[in-house]
Amino acid sequence: MNNHAGTVALVGRPNAGKSTLLNQLVGVSIAAVSPKPQTTRTRVMGIVTVPGLQAVLVDTPGLHGPRSELNRRMVAAAEGAMSEVDLLCWIVDATRPWDEELAARFLGRKVVVALNKIDAVREKGKLLPLMAQYGTVGVVVPISAKSGEGTRELLTEWAKHLPEGEALYGDDQVTDAPEKEICAELIREQVFRACGQEIPYVAAVEIEQFDESGRAEGRVVIHARIIIEKPSQKAIVIGAGGKMIKRIGSLARKQIEALLGVRVHLQLFVAVEPDWTTNPRLLRDFGYPEK
Ligand SMILES: Nc1nc2c(ncn2[C@@H]2O[C@H](COP(=O)(O)OP(=O)(O)OP(=O)(O)O)[C@@H](O)[C@H]2O)c(=O)[nH]1
Ligand SMILES: [Mg+2]
């Protein structure tokens, strides 16, 4: 088989499993995943290399009707990625009804449809009508991003739509995003998972210190700020007796250690920046640029 190489954007509704698929394909957590919609806020880059194919993946925020400034920037990030890649992979949730609205948007574009969460569909016969409906948009590959089922077939399908060419990255490279950025994402993931209600949607994470001087000895020191909008939210993130922030830190540390392959000393701070989700300068500072 000839070598194929190109860029693929993972697109779709919030919560469809785009980031889960990215992590499954690259083999390590680099993108935040949670049961709550709108977990991903910016593009996250991953690289998957198998014999005959190297795909540079762009995980994107879910497409939804934006109501706030932050949401508008999230959707713009997804749309920007869509316009710059060789192929779109539309991730759809097989437990949800046929999505006619997005289908209309993708019609006429080069799209492979990944019918995801098939592990959660008990009656497999229910998949057939969905396969037929999504089949009007592109080739449909049923998958479980969670278990990995069907993902090999998905890669084979992508290869057919990507240009012939040589790999650009080494076959062990999983991303070209800075480690700092991924660490911030992994901390934000734990805030998303741990805190109920409004906190996930008003929290940003900024890495203040990334000290690698002890890396050769197997130790990295990271200081990060969790930014929220109001003092009352700060109390929630810290929790009674600091319990919540400890839990966030310990779960994030484990994931960061898996990524970096060294022991990590992670120190978290909580800071209040009133209205950062609407302030253009702060939005940019915290990693959500205008375009
Ligand atoms: N059962 C099952 N659950 C899945 C599968 N893939 C993803 N999920 C779950 O679906 C939820 C959302 O997954 P994400 O990967 O965060 O979804 P996303 O499309 O990136 O969502 P946004 O970033 O919010 O747009 C999580 O609870 C995942 O564990 C799957 O194949 N099977
Ligand atoms: Mg996501």
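Atoms within a ligand are numbered from 1 in the order they appear, just like the ligands themselves.
Contact annotation for N116 and ligand 1: only side-chain heavy atoms (C-beta onward) come within less than 4.0 Å of the ligand. When heavy-atom distances to ligand 1 are checked against a 4.0 Å cut-off, S34 comes that close only through its backbone atoms N, CA, C and O. Contacts between S144 and ligand 1 below 4.0 angstrom, taking non-hydrogen atoms only, involve backbone and side chain alike. Contact annotation for K117 and ligand 1: heavy atoms of both the backbone and the side chain come within less than 4.0 Å of the ligand.
Comparing heavy-atom distances from atom 24 (O) of ligand 1 across K146, R193, Q38, M74 singles out Q38 as nearest.
For A120, no nitrogen or oxygen atom sits less than 3.5 Å from a nitrogen or oxygen atom of ligand 1, counting backbone and side chain alike. Residue A145 places at least one N or O, backbone or side chain, under 3.5 Å from an N or O of ligand 1.
At the top of the distance list for atom 21 (O) of ligand 1, counting protein heavy atoms only, stands N15 N, 2.9 Å. Protein heavy atom closest to atom 2 (C) of ligand 1, with residue, atom name and distance, is D119 OD2, 3.5 Å. The protein non-hydrogen atom at the shortest distance from atom 27 (O) of ligand 1 is P35 CA, 3.3 Å. Nearest protein heavy-atom contact of atom 25 (O) of ligand 1 is K18 NZ, 2.9 Å. From the protein, the heavy atom lying nearest to atom 14 (P) of ligand 1 is T20 OG1, 3.5 Å.
Of all heavy-atom pairs between K18 and D59, the closest is CB-OD1, 3.4 Å. Of all heavy-atom pairs spanning Q24 and A145, the tightest one is NE2-O, 2.9 Å.
Residue P37 approaches ligand 1 through these ligand atoms, each under 4.0 Å from one of its heavy atoms: 24 (O). Heavy-atom proximity to G62, at under 4.0 Å, picks out these atoms of ligand 1: 25 (O). Remark: ligand 1 atoms within the under-4.0 Å shell around heavy atoms of G17 are 7 (C), 13 (O), 14 (P), 15 (O), 17 (O), 18 (P), 19 (O).
For Q197, the CD atom sits in a loose shell: 12 or fewer heavy atoms of surrounding residues, nucleotides or ligands are nearer than 6.0 Å. Summarising the local packing, CD of E101 is surrounded by 12 or fewer heavy atoms from other residues, nucleotides or ligands at distances under 6.0 Å. Counted within 6.0 Å of NZ on K243, heavy atoms from surrounding residues, nucleotides or ligands total 12 or fewer; the atom is thus considered open. More than 12 heavy atoms of other residues, nucleotides or ligands lie within 6.0 Å of NZ in K110, so this atom counts as buried by the packing criterion. Within a 6.0 Å radius of CZ in R72, other residues, nucleotides and ligands contribute more than 12 heavy atoms.
Contact annotation: T40 places an N, O or S atom under 2.8 Å from the Mg ion (ligand 2). At a cut-off of 2.8 Å, T60 does not coordinate the Mg ion (ligand 2) through any N, O or S atom.
The side chain to side chain donor-acceptor pair (under 3.5 Å) test with Y288 singles out one residue from R41, E69, R73, and that residue is R41.
M244 is listed as a side-chain neighbour of C195, based on a closest heavy-atom distance under 4.5 Å.
D275 and T278 share no donor-acceptor pair across their side chains, judged by distance under 3.5 Å alone.
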* Report the C-alpha separation of T277 and Y201 in whole Å, then their side-chain angles, then the decisive distance to 0.1 Å, and conclude whether the side chain to side chain contact (heavy atoms under 4.5 Å, CB included) test is met. => CA-CA 9 Å; T277 64; Y201 301 99; over 6 Å; no

